[in-house]
Participant: 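Sharing a structure below in structure tokens format, with a few things to ask.
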Amino acid sequence: MVWIPGGTFAMGAEDAAFPDAKPVHDVTLSGFWIDEHEVTNAEFAAFVQATGYVTVAERPLNPADFPGVPADKLVPGSGVFVATAQPVSLDNPLQWWQYAPGASWRKPFGKGSAAMAHPNEPVVHVSYEDALAYATWAGKRLPTEAEWEYAARGGQEQQPYYWGDEVKPDGKWMANIYQGHFPDRNTGADGYVGAAPVKSYPPNPYGLYDMDGNVWEWCSDYYRPDYYQHSAKENPKGPASSYDPDESGTVQRVQRGGSYLCSDQYCTRYRAGSRGKGEVSSGSSNLGFRCVRDESN
């Protein structure tokens with residue numbers, strides 16, 4: 001883990017593309033420890049071996065939660081990105097997201113795949129509950145949204161990307177994001193088409209890896225698009241409950257950092273200060289996490 005000294009920073013973004021990241025506001029945080037990279041398949045496997053934990057994606061589905069769905073279709077699994085065969089309109093994510101029976105952290109792409117063939121890649125298909133269970137076992141916790149952004153900024157001022165003003169400084173890719181034409185052609189110009197092993201790209205000034213791209217990361221805060229208008233100025237921990245006008249009735253937590261599917265063409269939320277969100281029981285092939293620990297621990 002890396003020690004992040006306490007301090008004050010400007011949180012959020014004034015980018016018109018991110019209305020839920022406004023207004024930019026000063027936040028003061030106490031110091032904390034944070035994992036230098038995302039939790040890996042090998043690290044998560046050690047947790048499962050020690051505890052016998054079964055992730056949400058591996059558990060049998062309750063027919064009561066899926067009225068009208070035939071019993072033979074209620075198979076454990078998770079969401080997997082599948083490139084389309086040709087260019088498509090970007091208004092329907094179900095064109096490139098598929099529910100893959102059997103997909104879980106053990107089998108990131110379903111039948112025939114194996115996480116432990118890639119022990120140093122970030123663990124994926126973890127729900128909020130799964131991430132929290134790992135963090136508790138490890139004597140840690142999930143970061144608040146403010147802690148995550150403060151650590152990602154690395155002591156730098158407001159800028160378009162966490163690493164600076166240019167997406168590709170000196171011709172170098174600084175994070176694992178999407179190149180080519182989404183969602184049908186990923187050129188892998190940054191070296192990877194899917195998730196990359198942790199520490200494949202340069203660290204930020206605090207010595208942290210993959211705070212941009214690679215996989216989304218869970219934060220402990222409930223998600224509300226208007227929270228920054230009311231956020232506490234010192235050590236904010238998020239609102240008391242979630243609300244998402246796009247998916248009313250669901251419980252959403254904040255996700256940060258974007259993933260290998262983000263680019264300026266689609267899903268620009270790998271940019272500095274932007275926010276993501278996710279339903280707490282859901283996982284996907286581009287969603288992971290890292291942990292933090294208080295100084296007193």
Participant: Using the rule given for side-chain contact (heavy atoms from CB on, under 4.5 Å), can you reason through Tyr192 versus Ser200, listing the C-alpha separation, both sets of side-chain angles and the distance that settles it, and then say yes or no?
Facilitator: CA-CA 10 Å; Tyr192 299 92; Ser200 293; 3.5 Å; yes
Participant: Could you tell me whether a side-chain N or O of Asn186 sits under 3.5 Å from a main-chain N or O of Val193, the two making a donor and an acceptor?
Facilitator: yes
Participant: What distance do Glu149 atom CD and Tyr162 atom OH have between them, rounded to the nearest 0.5 Å?
Facilitator: 4.5 Å
Participant: Could you check whether Tyr266 and Trp96 have their ring centres less than 6.0 Å apart?
Facilitator: yes
Participant: Would a distance-only check, ignoring hydrogens and angles, find a side-chain to backbone donor-acceptor pair under 3.5 Å from Gln255 to Arg275?
Facilitator: no
Participant: Taking side chain as C-beta onward, heavy atoms only, is Gln179 less than 4.5 Å from Trp173?
Facilitator: yes
Participant: Could Arg271 and Phe18 be counted as a cation-pi pair, given that NZ or CZ must be under 6.0 Å from the ring centre and within 45° of the axis?
Facilitator: no
Participant: Does a side-chain heavy-atom distance below 4.5 Å link Asp20 with Tyr223?
Facilitator: yes
Participant: To the nearest 0.5 Å, how far apart are CD1 in Ile177 and CG in Asn214?
Facilitator: 11.5 Å
Participant: Could you walk me through whether Asp26 and Phe9 pass side-chain contact (heavy atoms from CB on, under 4.5 Å), step by step?
Facilitator: CA-CA 6 Å; Asp26 286 344; Phe9 78 110; over 6 Å; no
Participant: Does any non-hydrogen side-chain atom of Val39 lie less than 4.5 Å from one of Phe47?
Facilitator: no
Participant: Less than 4.0 Å between a side-chain N and a carboxylate O, is that true for Arg141 and Asp294?
Facilitator: yes
Participant: Does a side-chain heavy-atom distance below 4.5 Å link Phe32 with Ser30?
Facilitator: no
Participant: Do Tyr53 and Asp130 have side-chain N/O donor and acceptor atoms under 3.5 Å apart?
Facilitator: yes
Participant: With a cut-off of under 6.0 Å to the ring centre and 45° to the axis, is Arg224 in cation-pi contact with Tyr243?
Facilitator: no
Participant: Does the separation of the ring centres of Tyr201 and Tyr209 fall below 6.0 angstrom?
Facilitator: no
Participant: Specify whether Trp163 and Tyr161 have parallel, tilted or perpendicular ring planes, treating 30° as the upper limit for parallel and 60° as the lower limit for perpendicular.
Facilitator: parallel
Participant: Using the side-chain contact (heavy atoms from CB on, under 4.5 Å) rule, take Tyr128 and Ser220 through it: C-alpha gap first, then chi angles, then the decisive distance, then the call.
Facilitator: CA-CA 8 Å; Tyr128 182 82; Ser220 61; 3.8 Å; yes
Participant: With no hydrogens and no angle check, just 3.5 Å: does a side-chain donor-acceptor pair link Asp264 and Tyr270?
Facilitator: yes
Participant: Look only at the side chain of Ser231 and the backbone of Tyr227, and say whether a donor-acceptor pair between them is shorter than 3.5 Å.
Facilitator: no
Participant: Atom CD of Glu38 and atom CE of Met211: how far apart are they, to the nearest 0.5 Å?
Facilitator: 9.0 Å
Participant: Tell me yes or no: between the side chains of Glu145 and Tyr228, is some donor less than 3.5 Å from an acceptor?
Facilitator: yes
Participant: What I want to find out is whether Asp244 reaches Lys277 closely enough, with some N-O distance under 4.0 Å, to be called a salt bridge.
Facilitator: yes
Participant: Consider only side-chain N and O atoms of Glu58 and Thr55, and report whether a donor and an acceptor are under 3.5 Å apart.
Facilitator: yes
Participant: Taking side chain as C-beta onward, heavy atoms only, is Lys22 less than 4.5 Å from Glu14?
Facilitator: yes
Participant: Is any side-chain heavy atom of Ser285 less than 4.5 Å from a side-chain heavy atom of Pro108?
Facilitator: no
Participant: Suppose we call two aromatic rings close when their centres sit under 6.0 Å apart. Are Phe81 and Tyr260 close by that rule?
Facilitator: no
Participant: Do Glu129 and Ser127 pair up side chain to side chain, a donor and an acceptor below 3.5 Å, judged on atom types alone?
Facilitator: no
Participant: May I ask you to check whether over 12 heavy atoms, not counting those of Lys140, lie within 6.0 Å of atom NZ?
Facilitator: yes
Participant: Between the side chains of Thr84 and Asp184, is a donor N or O closer than 3.5 angstrom to an acceptor N or O?
Facilitator: no
Participant: When you check the gap from the basic side-chain N to the acidic O, do Glu36 and Lys199 get nearer than 4.0 Å?
Facilitator: yes
Participant: Check the pair Val48 / Arg106 against side-chain contact (heavy atoms from CB on, under 4.5 Å), numbers first and verdict last.
Facilitator: CA-CA 10 Å; Val48 171; Arg106 298 178 186 274; 3.4 Å; yes
Participant: Under 4.5 Å between any side-chain heavy atoms of Tyr222 and Val251, yes or no?
Facilitator: yes
Participant: Should Leu287 and Trp218 count as side-chain neighbours, where that means a heavy-atom distance under 4.5 Å?
Facilitator: yes
Participant: When you measure from the side chain of Arg59 to the backbone of Val54, do you find a donor-acceptor pair of N or O atoms at a distance under 3.5 Å?
Facilitator: yes
Participant: Taking atom CZ of Arg269 and atom OG of Ser259, what is their separation to the nearest 0.5 Å?
Facilitator: 13.0 Å
Participant: Just verifying a value: how many Å separate Trp97 CH2 and Ser284 OG, rounded to the nearest 0.5 Å?
Facilitator: 4.5 Å
Participant: Output yes when Arg290 and Glu217 qualify as a salt bridge under the 4.0 Å nitrogen-oxygen rule, no when they do not.
Facilitator: yes
Participant: Hey, what do you get for CZ (Arg256) to CG (Asp212), rounding to the nearest 0.5 Å?
Facilitator: 11.0 Å
